[in-house]
Every structure is written in structure tokens, then in C-alpha cells.
Engineer: 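Here it is, the structure, as C-alpha cells.
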Amino acid sequence: MVDTSVELSGWRLDNPVVPASGTFGYGNEFKDFYDINILGTFSFKGTTREPRYGNPTPRIAECTAGMINAVGLQNPGIDAVISDELPRLKGYFNKKVIANISGFSVDEYAYCCERIDRAEQVGLIEVNISCPNVRHGGMSFGTSPESAAEVTRAVKTVTTKPVYMKLSPNVSDIVAIAHACVETGADGLCLINTVLGMRIDVQRRQAVVANTMGGFSGPAIFPLAVRMVYQVAKACAVPVIGCGGVQSARDVIEMMMAGATAVEVGAANLVNPYACKEIIEALPAEMERLGIEKLSDIIGIIE
Amino acid sequence: MKKAIYKIRSNEPLTASVWRMTLAGDTQAITAPGQFVDIAIDGLFLRRPISVCDCEPDRLTLIYKVVGEGTERMSRMKAGDELDLLTGLGNGFSIGADLRRPLLVGGGVGVPPLYLLAKRLLAAGLPVQVVLGFNTAAECFYEAEFRALGCDVTVATVDGSTGVRGFVTTAIAERNLDFDYFYACGPLPMLRALCDAVPQDGQLSFEERMGCGFGGCMGCTCKTKNGPKRICKEGPVLEKGEIVW
């Protein structure tokens, strides 16, 4: 009997498989396909202070081995998540969940994190710093060590639960951003968010998504994610949640060897709603094939 | 909602660009006309959403227009090939208890989902009037199939090559059709023109570029008077009164 359990800042997960934020809603759609209690946990839809409609449609563009989304953080807002989504989730998910929080100002991050910190269903807070900083020209918080540190510091001041900063890959030195987060108190890191991408409909001579650009995800970005997880995990002493293009049990193991303690699965859920279930079911056999008894033993074994 | 493997029974062209595919497999997840299926296609990342034209307990009919890489690949599939489908997606059309004289209005490749709806309405004992709009006679399909069900069918073509010359709204006015409610599926300009032209209430089926097709990604959300709705989940059918044009 192999051991698939892992631990994130004292929180034990039965297995490392975690649906990524934005590909699993608040769990409600997926529970109609399978019992989502088999998951390690899941990261809920990026939530902001106010309800957001998001970007105009079309919001989706297909790519080779992936997709671009420009949903624009559609969500019902932190109040509705606390009053409606979490109580509803309790009806079909008996584990703690990862709260993914987004914001357009440092104040908004702090406000949302302080509120969600009090929810007993939340195991840890994942802070998405890929959003534009509206007070500073729309540059993403996650693209400079200073602004990443500023968000981390503000969130850590008002929370008691573990805080994981979710890093953007759209930077020249992701290790510098990771260091800035860890130095200001981040308990862990999650990477990578989507890669900024773009598709053009050459017949109509216009961008496919209404927002022109969007976040590229899917198996095409897996090698990029593995590389960044490897670099960050080597440089930082905190746990890393690896994310980006994971499709199979073998990918999960590869991401863990690169340094991930848990592994998020994103776009794969959208093409196969059973993706995470199939990965979890395939993990023990894959471990046996590779001679792994305890999954946590392989975290970061690549020198 | 259900994911299963279906076997292609037939796949043939109805016009130069519109194809009909019939599949064998379990259709019990399909609970209403106007729902759709989402088809996995080898080599392409996203599934392709296609409305259900007809379904019986072990058999499914899809009609699709070849417009891109996905549908082009579908048109090359053969009887015996297997497809991975998510079925029973979307809300579909609902049939109100006080409905007496429904009118079904379809434009182009928006016609197919009205076929199963017509069958259900006829089974409920209602007279069904259908207006089908196409650009030309050559693009026209399923007129005979609707007639064979027992529907009162009017065809309109933009160039007048068959039926009434003009749009579906021209045909409705010209034939002075008497109806108390309508169901429509077709291009956005047709849906809007129809809503503007007739005072009756109705249900309209919308299209949007989708990611997942089952409510997971928020890729296809539109604004309505009742708040944001996902075309794949709370849609594709919206009521006339809630639409924000």
C-alpha cells in the first residue's frame, strides 16, 4: 500500500491532487460528475471584494495543447462566497478548501483575506498576485518584488491561516519575486499562474478573445511550470504548490520531483471533468511502477 | 450530465456545408430539447459543443455546419468511429403548461434543436408552426423532416430562391401566423429582429464560444436582467424578457 499523503504547512492532504482556481468554480459543477471528497482539496474561484462580471466575450481561444482564457475574474464577491458558496460547499465537500483571493489594490487583498481567514472551511489562503494594480498603472502585483512583498506583508498582518502567494510566470526572474514573498512572511508559494498569450483570427483580422490577450494554460506550458517550480523550490525553504499543464499521474510525480509538495490541475478539468479523479486513481499504480512507496519522499529530489 | 463513448452510425452531408451525424449510445442524460453535447476531437484541445437535433433512448442525431478545424474533422469521421461525448449539457427549452399555439423559428444551423422540440410539442398535443430561414434554397435543410412530423412549415430565403423572399420575420408577417409563444434558435441578428418584430413572449437559444461546456470555466457568461448567466449552464436558452441585447 503506497502512501500518497502530503502536508502543506501542517495541513495533511490525502493526496497532492488539487484542482486549480478558476477551473473548478466552487466545486458545485464537478460534484455532479464525481464525489469530490476524493481530492486532496481544491482551490476555489478567484474571489474579489466586489462581485465581478469579468471581461466581454469571447473569453476563450483554443491553442495547440492548451487554451487562452480572458474571463477576467468573474466571481460573486467575497460576501456571497462567505454567505452562499461556502455553506453550499459544506453540503458536498467535507474537507477544508483553498481560498483563492484576488485584488486590484493592497487594501482589497487585505480586506478579502481578513474576511476569508475567519471561515473555518478554509485550510489556507492562496493569494493571486497576477492581477493588475489599478493604482499603479495596471502593472501586475506579481511582476515586481516590491509590490509582491507589499501584498504579502499586508495579508500576513491580518490573517492567521497559512498564506501562499500564487506567482505569475510573466516575469524575468521568478526567484526574486518568490524571495520577496517569503521574506515578508509567505508560508508557501503556488506557481505558475497562466502565461500571457494571444491568438489572432487571421480570416477576420482580429484577436480571438475580446480582451485581445489572455492567460495561456494547458499541457503546452508544463515544461515551463516544471522549470519554474524547480528554480523556486531550490531557492526557497517554504512549500511549493506546483501548477501548470498537469494532465496525468506521471505529470504529478514529475512536478513533485521538481519540488512541489502538492500539485494543482487546471485546464485538464475543463476538457475532461473527471481529470482529477482519473489522476488520483492512477497515482498508486504509477508510484508502484516507479518504485515510490511514500509520495512525499520524492519532493524536490532533483539536484 | 454524463460522459460516455458513442459509436457513429452515419455521417452525411445535407447541404454543401451542413452535415448530419447519428450516434449510438446512452442518451438518458439528455432531459430537454435544446440541450447540447460537447465532443472531444483527437488532436484538438477543447471539446466542440453541438446542439442535439434528435434523440431516442439509444440514439442521437446531431446536425453541424463545417466552419472550422473541429467540424471539418467531424465531417471526415466514418460510421463505426467512436467519439467521447459529454451529454445533457445546458438547460434546454421548457414547455409551459398554458402553451397553446407555439411558433418555432430557426435560422440556418440554428434549426436542428427545434426538431426535437417540435416532436415534444406535438407529443403534448399542440399544433406546431415552424418558420425556417436560410440564405438560399441550396442551404435549406430539414423542411421535409418537419413536415413529416406534422408541423405547419414556412421557409424563408434571403434571395427568394425558395419559399418566402426575405427573413423569418418577413415570413411571419406575410403568413400572418397566429401564435401565443415562440421558440427560436439562429444567428444573433435574427433573434434580435424577431424579438423586436413580435409582441409575444418566447425562449431563445444563444451561442457563445465555450471553454468547458458544463459551467466550470466561466468562459461563456453573458449579462441578463437576472444577472450573469453561463450560456453553457443556465443557458443556452434564455427567456425573451431577461435578454440584454
Side-chain angles (χ1 to χ4, degrees), chain A residues 19-20 22-34 45-46 51-76 80 201 203 208-210 214-220 245 247 266-275 277-278, chain B residues 1-5 29 31 37-49 67-73 83-91 188 206-236 244-245:
Chain A
T23 65
F24 214 74
Y26 297 89
N28 195 38
E29 293 73 27
F30 288 84
K31 67 114 167 49
D32 294 337
F33 288 106
Y34 65 92
K45 180 90 179 94
R52 281 177 59 83
Y53 167 72
N55 292 324
T57 56
R59 296 173 170 184
I60 305 288
E62 186 173 55
C63 310
T64 303
M67 61 185 281
I68 285 172
N69 90 81
V71 169
L73 287 170
Q74 182 188 340
N75 79 94
D201 181 333
Q203 197 134 22
V208 174
V209 298
F216 179 39
S217 63
Q247 296 215 103
N269 294 303
L270 304 177
V271 287
N272 175 10
Y274 296 97
K277 179 176 192 280
E278 289 171 8
Chain B
M1 296 188 293
K2 187 178 158 86
K3 178 174 177 286
I5 302 297
T31 55
V37 300
D38 215 0
I39 308 174
I41 295 172
D42 277 347
L44 297 179
F45 191 68
L46 297 174
R47 288 172 182 267
R48 294 300 190 269
V67 291
E69 215 179 335
T71 43
E72 200 275 321
R73 286 187 197 201
L83 279 179
D84 168 344
L85 261 63
L86 295 175
T87 63
L89 304 177
N91 59 349
L188 201 61
F206 286 83
E207 263 195 337
E208 188 50 76
R209 191 176 283 259
M210 291 175 188
C212 65
F214 53 86
C217 71
M218 313 282 162
C220 62
T221 308
C222 70
K223 285 179 178 164
T224 77
K225 289 176 187 164
N226 299 320
K229 288 196 169 185
R230 294 165 292 184
I231 290 297
C232 74
K233 189 79 180 172
E234 290 86 26
V244 178
W245 294 106

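Letters A, B, ... are given to chains in the order of the sequence lines, protein chains preceding strands, and every chain is numbered from 1. None of these values were measured; they are calculated from a predicted model.
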Engineer: Does any backbone or side-chain atom of A/P51 lie under 4.5 Å from a heavy atom of chain B? Answer side chain, backbone, both or neither.
Structural biologist: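 Contact with chain B: none, neither part.
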Engineer: For B/M1 and A/D32, work out which heavy atoms get closest and say how close.
Structural biologist: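 Heavy atoms only, the tightest pair is CE-CB, 3.8 Å.
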Engineer: Considering all heavy atoms of both residues, which atom of A/I60 and which atom of B/M210 are nearest to each other, and what is their separation?
Structural biologist: CG2-O, 3.8 Å
Engineer: Does B/C217 reach the side chain of A/N69, with side-chain heavy atoms less than 4.5 Å apart?
Structural biologist: no
Engineer: Based on non-hydrogen pairs under 4.5 Å, which of B/P228, B/C222, B/G227 is most in contact with chain A?
Structural biologist: B/C222
Engineer: Between B/K3 and A/N272, does the side-chain contact (heavy atoms from CB on, under 4.5 Å) criterion hold? Intermediate values first, please.
Structural biologist: CA-CA 9 Å; B/K3 178 174 177 286; A/N272 175 10; 3.4 Å; yes
Engineer: For B/E207, I'd like to know if atom CD has over 12 heavy atoms of other residues, nucleotides or ligands within 6.0 Å.
Structural biologist: no
Engineer: Search all heavy atoms of B/F45 against all heavy atoms of A/C63 and return the closest pair with its distance.
Structural biologist: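 B/F45 and A/C63 have their closest heavy atoms at CB-O, 3.9 Å.
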Engineer: What part of B/K223 is in contact with chain A, defined as an atom under 4.5 angstrom from a non-hydrogen atom: side chain, backbone, both or neither?
Structural biologist: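 Both backbone and side chain of B/K223 come within 4.5 Å of chain A.
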Engineer: Which one of A/A220, A/P219, A/G66 has the most heavy-atom pairs closer than 4.5 Å to chain B?
Structural biologist: A/G66
Engineer: Measure A/N269 against the heavy atoms of chain B and call it side chain, backbone, both or neither at under 4.5 Å.
Structural biologist: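 Contact with chain B: backbone only.
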Engineer: If we only count heavy atoms from C-beta on, is the A/R59 to B/C220 side-chain gap below 4.5 Å?
Structural biologist: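 Side chain of A/R59 against side chain of B/C220, heavy atoms only: no contact under 4.5 Å found.
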Engineer: Measure A/F30 against the heavy atoms of chain B and call it side chain, backbone, both or neither at under 4.5 Å.
Structural biologist: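 For A/F30, the contact with chain B is made by the side chain alone.
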Engineer: Quick one: what part of B/L86 sits under 4.5 Å from any heavy atom of chain A, side chain, backbone, both or neither?
Structural biologist: side chain
Engineer: For the backbone of B/L46 and the side chain of A/E62, can you confirm whether one donor and one acceptor N or O come within less than 3.5 Å of each other?
Structural biologist: yes
Engineer: Checking heavy atoms, do the side chain of A/F24, its backbone, both or neither come under 4.5 Å from chain B?
Structural biologist: backbone
Engineer: Hey, could you give me the CZ/CD distance between B/F214 and A/E29, rounded to the nearest 0.5 Å?
Structural biologist: 8.5 Å
Engineer: What verdict does the side-chain contact (heavy atoms from CB on, under 4.5 Å) test give for B/M218 and A/N75, after you've listed the backbone C-alpha separation in whole Å, the side-chain angles of each residue and the deciding distance to 0.1 Å?
Structural biologist: CA-CA 9 Å; B/M218 313 282 162; A/N75 79 94; over 6 Å; no
